[in-house]
Amino acid sequence: MTWSISSCFITLVVLFLWRIEDSAEACRCAPVHLQQAFCSADVVIRAKVVGVTAVSGNTNYDVQQIKMFKGPDRVIHAIFTSSSSASCGVTLELTKEYLFTGRLNTDGRMHIVMCDFIQYWEDLNGTQRKSLTQRYQSGCNCTIIRCSSLPCPVSAPDECLWTDWLLADGQSGPQAKYSACLKRSDGSCAWYGGMAPSKK
C-alpha cells in the first residue's frame with residue numbers, strides 16, 4: 001500500500017513538472033531584425049499605454065497612438081494580447097511608450113504576442129526610428145537570414161546575412177541597430193548603414 005501511494009505520488013510529480021516545462025516552452029520566438037518585424041506585421045505603431053483591463057482570457061491595453069508607421073487608415077485605441085505567458089501573452093507597463101508590431105484580427109482589433117517586436121521607444125536609436133518611416137519598407141523584398149555560426153552561406157542574391165549573432169547578443173550588434181537590408185541597382189540585396197552599402 002505504501003509503495004502504491006509513493007508510486008502514485010511520484011507519477012503525479014513527474015506529470016506536474018512535465019506540464020510546467022511544457023507551458024514554459026509553449027512560447028518560443030526566434031529573434032527578428034526590426035526590418036523583418038516591420039515587413040511581416042500588419043500594424044507598426046508608436047503608442048503609450050494608458051490603461052489595462054482583463055477580458056475573458058485576454059488582456060486589453062488601452063493605448064494612445066502617437067504615430068502609425070504601417071497599418072490601417074485609422075487610429076488604434078486598444079491592443080489585445082493573451083493573459084497567459086505560455087500562450088505568448090505580453091505584459092506591458094502603464095504610462096510607457098513602446099514601438100509595437102502586431103497583427104490585425106478578422107474583427108479589426110490589433111493583437112500582439114511575445115514574438116512580435118515590442119520595445120520601449122526610448123531604447124530605439126535615431127537610425128532605427130528614422131528607418132521606420134521609409135528604409136525598412138523599401139527593403140521588404142529582401143530577406144534577412146540570421147547567422148549564428150559559421151559557415152553561413154548566402155543562397156540567393158536577395159538575402160542579407162545577419163551576422164550580429166556571431167557575437168554574444170545579436171540584438172545589440174551594428175546590423176540590428178544601424179543597418180537595413182536593401183536592394184542594390186543590380187537587384188541583389190546588401191546591408192546599408194548610413195549612405196554606403198556594407199559587406200553582406
Side-chain angles (χ1 to χ4, degrees), residues 24-47 67-73 76 79 81-82 85 87-90 98-106 110-200:
E25 294 184 355
C27 186
R28 288 193 170 187
C29 308
V32 293
H33 192 280
L34 178 51
Q35 178 178 323
Q36 291 173 292
F38 179 97
C39 293
S40 63
D42 296 324
V43 184
V44 182
I45 60 171
R46 174 189 177 187
K67 185 174 179 64
M68 177 172 287
F69 301 101
K70 181 182 180 183
D73 188 21
I76 301 293
I79 295 175
T81 189
S82 172
S85 59
S87 299
C88 294
V90 181
Y98 292 85
L99 174 71
F100 294 102
T101 69
R103 302 284 180 196
L104 281 181
N105 288 347
T106 53
M110 183 176 177
H111 188 266
I112 59 172
V113 295
M114 284 183 188
C115 299
D116 292 316
F117 195 101
I118 301 163
Q119 191 163 328
Y120 294 121
W121 180 256
E122 64 185 15
D123 289 343
L124 297 175
N125 63 47
T127 299
Q128 290 171 311
R129 295 180 186 186
K130 290 178 181 177
S131 296
L132 287 165
T133 60
Q134 185 176 2
R135 278 177 105 204
Y136 291 149
Q137 180 67 53
S138 66
C140 285
N141 51 2
C142 293
T143 303
I144 296 174
I145 305 295
R146 184 166 63 96
C147 175
S148 56
S149 62
L150 295 175
C152 217
V154 172
S155 58
D158 65 347
E159 294 179 352
C160 291
L161 288 182
W162 186 11
T163 56
D164 286 340
W165 289 96
L166 297 175
L167 307 173
D169 180 9
Q171 295 287 14
S172 299
Q175 290 171 330
K177 287 188 167 291
Y178 303 106
S179 300
C181 178
L182 307 174
K183 284 278 188 183
R184 295 193 287 199
S185 57
D186 63 0
S188 63
C189 293
W191 288 111
Y192 281 75
M195 298 302 294
S198 57
K199 186 179 179 181
K200 278 195 174 185

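Residue numbers run from 1 in the order of the sequence given.
- Pairing each heavy atom of Met110 with each of Phe100, the nearest pair is CE-CB, 3.8 Å.
- Remark: Arg146 is not positioned above the aromatic ring of Trp162, lacking an NZ or CZ atom under 6.0 angstrom from the ring centre and at most 45 degrees off the axis.
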For Gln128 and Tyr178, what are the C-alpha separation, side-chain angles and deciding distance, and is it a side chain to side chain contact (heavy atoms under 4.5 Å, CB included)? CA-CA 7 Å; Gln128 290 171 311; Tyr178 303 106; over 6 Å; no
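- When every heavy atom of Gln175 is checked against every heavy atom of Thr163, the shortest pair comes out as OE1-N, 2.7 Å.
- Residues Ser179 and Tyr136 approach most closely at O-CE2, 4.2 Å, considering heavy atoms.
- Residues Arg129 and Glu122 come closest through the heavy atom pair NH2-CA, 3.4 Å.
- Partner Lys70 forms a side chain to side chain contact (heavy atoms under 4.5 Å, CB included) with one of Val44, Leu132, Asp42 and no other, that one being Val44.
- For the disulfide (SG to SG under 2.5 Å) test with Cys181, the passing option among Cys189, Cys142, Cys160 is Cys160; the others fail.
- Shown here for Gly89 and Met114, the closest heavy-atom pair between the two residues is O-CE, 3.1 Å.
- For His33 and Trp165, the ring centers sit 6.0 Å or farther from each other.
- In this model, no donor atom of one side chain and acceptor atom of the other lie less than 3.5 Å apart for Ser138 and Gln134.
- A pairwise comparison of heavy atoms in Ile144 and Gln36 identifies O-NE2, 3.1 Å as the closest pair.
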Could you walk me through whether Phe38 and Leu99 satisfy the side chain to side chain contact (heavy atoms under 4.5 Å, CB included) test, starting with their C-alpha distance in whole Å, then the side-chain angles of each, then the deciding distance to 0.1 Å, before giving a yes or no? CA-CA 10 Å; Phe38 179 97; Leu99 174 71; over 6 Å; no
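- Using modelled atom types, one side-chain atom of Thr101 and one backbone atom of Phe117 make a donor-acceptor pair closer than 3.5 Å.
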